[in-house]
Amino acid sequence: MAVPVEEAIAALSTFSLEDEQPQAQGPGVWVLTERGATESPVEYSDVAAYRLSLSEDTKALNQLNSLILEGKEMTSVLYTYRSCVKALPQLPDSMKQSQADLYMETYQVLDLEMSRLREIQQWQASAASKLAADMQRFSRPERRINGPTITHLWSMLKLLDVLVQLDHLKNAKASIPNDFSWYKRTFTQVSVQWHDTDSMREELDDLQIFLSTRWAILLNLHVEMFRVNNVEDILQVLIVFAVESLELDFALLFPERHILLRVLPVLVVLATSSEKDSESLYKRVKINRLINIFK
C-alpha cells in the first residue's frame, strides 16, 4: 500500500540532519587527465591509511608544492611591479613649508610597495632553506638507495625554477632600486620624529642588500645548500633527470621543457663548485650532452 506523500514528508521531517554527520560515501575526487601522476588532489592525505613509509616524503612534497604556489604569486608581484616615484607629486618653491607633510605621505605610499618586496625577501629565504633541507635529506646514506620519486624531482625542479625567475625579475626591474632609493630618503626624513628606529634601520639595510645584490636569491640558495656537505649526489641526480628528459623531447610539454632549460645551467653551476665535483659530474653526464642541449 502506497504511503501518502504528506505522511512521507512528515516522517522525513523527524529525521535529524545535523552538520558533520558521518557519510557512507565521501566526497568525490575529480579525475586527473595527465600523462603522469605528479600531483595529488587530496595532498597525499590518504598515505597514512596505508601505513606506508612515505609520510615524511609526502609531507615534504606538500610543503614544496605550497611554496611553489606562493612563489608564483611572488613572481606575479615582481613581474607587474611599476615605479611609484614618477607618480609622486613635487612641491613648488612656494609650498616648501609643506615638505614635511609631503615626505610623510610619500613614505606611507612607498612603504606599502616595500612591504611586498620584504615579503618576497622573506619568502625566498624560507624557500631556499626548505629546498636545501630537502636535498640534504636525500643525501643521507640510508636515502641514497631509496631516492626521490619522479614527483619529488619535479617538485624540487619547479621550486628551483621559481627562485630562478624571481632572481631574474629582481635584476631586470630598474624601477625597484629607484623606488627604494626614494623610500630610504623619505624614511631618513620622517624617522627623525620617531623613537627606537634601530630595528627598522636594520630591516631597511637588509632589504637594500637584497635588492642591490645581483643573483642574491641564488647566492643565498648556494649558501643554504652547502651548510651541510654531500648534496652533490642529489644535484647530479637532478641533472641526469633533466638531461634525459630533454633528450627524450617527445615526452615533455612545453612548460616542462622550459623549466628544465632554465634550471639545468643553475644545477650544473651548483654541482661543479669544485674540481673534484666537476670530474664526478662529467663522469655521469658527458659534457657533449650538455653542449648539445645548450647550443
Side-chain angles (χ1 to χ4, degrees), residues 20 22-23 26-76 119-167 217-218 220-242 245 253 255-256 259-260 262-263 266-267 270-271:
E20 299 182 359
Q23 299 179 4
V29 177
W30 60 88
V31 177
L32 295 179
T33 56
E34 296 182 0
R35 64 178 182 81
T38 58
E39 296 181 2
S40 170
V42 294
E43 297 183 347
Y44 306 100
S45 59
D46 55 339
V47 169
Y50 297 102
R51 298 183 180 180
L52 302 175
S53 58
L54 298 174
S55 57
E56 186 181 15
D57 289 351
T58 53
K59 181 180 178 181
L61 271 174
N62 287 334
Q63 290 175 345
L64 290 177
N65 292 336
S66 297
L67 287 170
I68 291 168
L69 292 177
E70 294 170 4
K72 289 181 178 179
E73 295 178 3
M74 303 290 177
T75 304
S76 299
E119 290 179 6
I120 293 174
Q121 179 191 14
Q122 295 167 359
W123 178 87
Q124 65 85 25
S126 172
S129 175
K130 173 55 188 169
L131 181 58
D134 213 43
M135 289 184 177
Q136 290 163 4
R137 186 167 61 85
F138 283 108
S139 298
R140 299 199 301 256
E142 64 271 18
R143 292 310 304 266
R144 290 180 183 176
I145 298 175
N146 183 20
T149 61
I150 300 298
T151 302
H152 214 123
L153 291 174
W154 270 115
S155 294
M156 287 191 281
L157 291 171
K158 288 178 181 178
L159 182 55
L160 178 58
D161 180 54
V162 172
L163 292 171
V164 170
Q165 291 186 61
L166 274 178
D167 225 0
I217 295 176
L218 294 181
N220 179 59
L221 175 62
H222 182 272
V223 171
E224 290 289 341
M225 285 178 54
F226 289 93
R227 288 186 188 277
V228 180
N229 295 326
N230 301 325
V231 294
E232 295 82 4
D233 290 337
I234 186 62
L235 286 173
Q236 291 182 14
V237 170
L238 288 168
I239 291 171
V240 170
F241 174 75
S245 298
L253 300 176
E256 296 169 338
I259 288 173
L260 296 179
R262 282 192 294 263
V263 302
V266 177
L267 289 171
L270 291 172

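The shown structure was predicted, so the numbers you read here are calculated from the model rather than taken from an experiment.
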Say you draw a straight line from CG of Leu160 to CG of Leu221; how long is it, rounded to the nearest 0.5 Å?
-> 6.5 Å
Indicate yes or no: at least one non-hydrogen side-chain atom of Val231 is less than 4.5 angstrom from one of Phe138.
-> no
Mind checking what makes side chain to side chain contact (heavy atoms under 4.5 Å, CB included) contact with Ala60, not counting sequence neighbours?
-> Lys130, Asp134, Arg137, His152
Only one of Leu163, Val162, Ile120 passes side chain to side chain contact (heavy atoms under 4.5 Å, CB included) with Thr75, and that residue is Val162
Nearest 0.5 Å please: distance from the CG atom of Asn62 over to the NZ atom of Lys59.
-> 10.0 Å
Heavy-atom side-chain proximity of Met135 to Leu238 below 4.5 angstrom | yes
Side chain Glu256, main chain Leu253, donor-acceptor under 3.5 Å | yes
Evaluate the criterion side-chain contact (heavy atoms from CB on, under 4.5 Å) for residue pair Trp154 and Leu260; output intermediate values, then yes/no.
-> CA-CA 10 Å; Trp154 270 115; Leu260 296 179; 3.9 Å; yes
Which distance, rounded to the nearest 0.5 Å, do you find between the CZ of Arg227 and the CD of Gln136?
-> 9.5 Å
Quick one: are Glu224 and Leu131 in side-chain contact, heavy atoms under 4.5 Å?
-> no
Backbone N or O of Glu70 within a donor-acceptor pair of the Glu73 side chain at under 3.5 Å?
-> no
Just wondering, do Thr149 and Asp57 contact through their side chains at under 4.5 Å, heavy atoms?
-> no
Could you tell me whether the side chains of Ser155 and Asn65 share a donor-acceptor contact shorter than 3.5 Å?
-> yes
Correct closest heavy-atom pair for Ala125 and Asn220 would be CA-ND2, 3.8 Å
Within a strict 4.5 Å, meaning less than it, do heavy atoms of the Ile68 and Lys72 side chains meet?
-> yes
Residues two or more places apart in sequence or in another chain: which of them pass side-chain hydrogen bond (donor to acceptor under 3.5 Å, both in side chains) with Asp167?
-> none
Minimum heavy-atom distance between Phe226 and Leu270, given as atom pair plus value | CZ-O, 3.4 Å
Heavy-atom pair with the smallest gap, counting every atom of Ala127 and Leu67 | CA-CD1, 4.1 Å
Passing candidate, side chain to side chain contact (heavy atoms under 4.5 Å, CB included) with Met156, options Leu61, Val263, Leu64 = Leu64
Under 4.5 Å between any side-chain heavy atoms of Leu157 and Phe241, yes or no?
-> yes
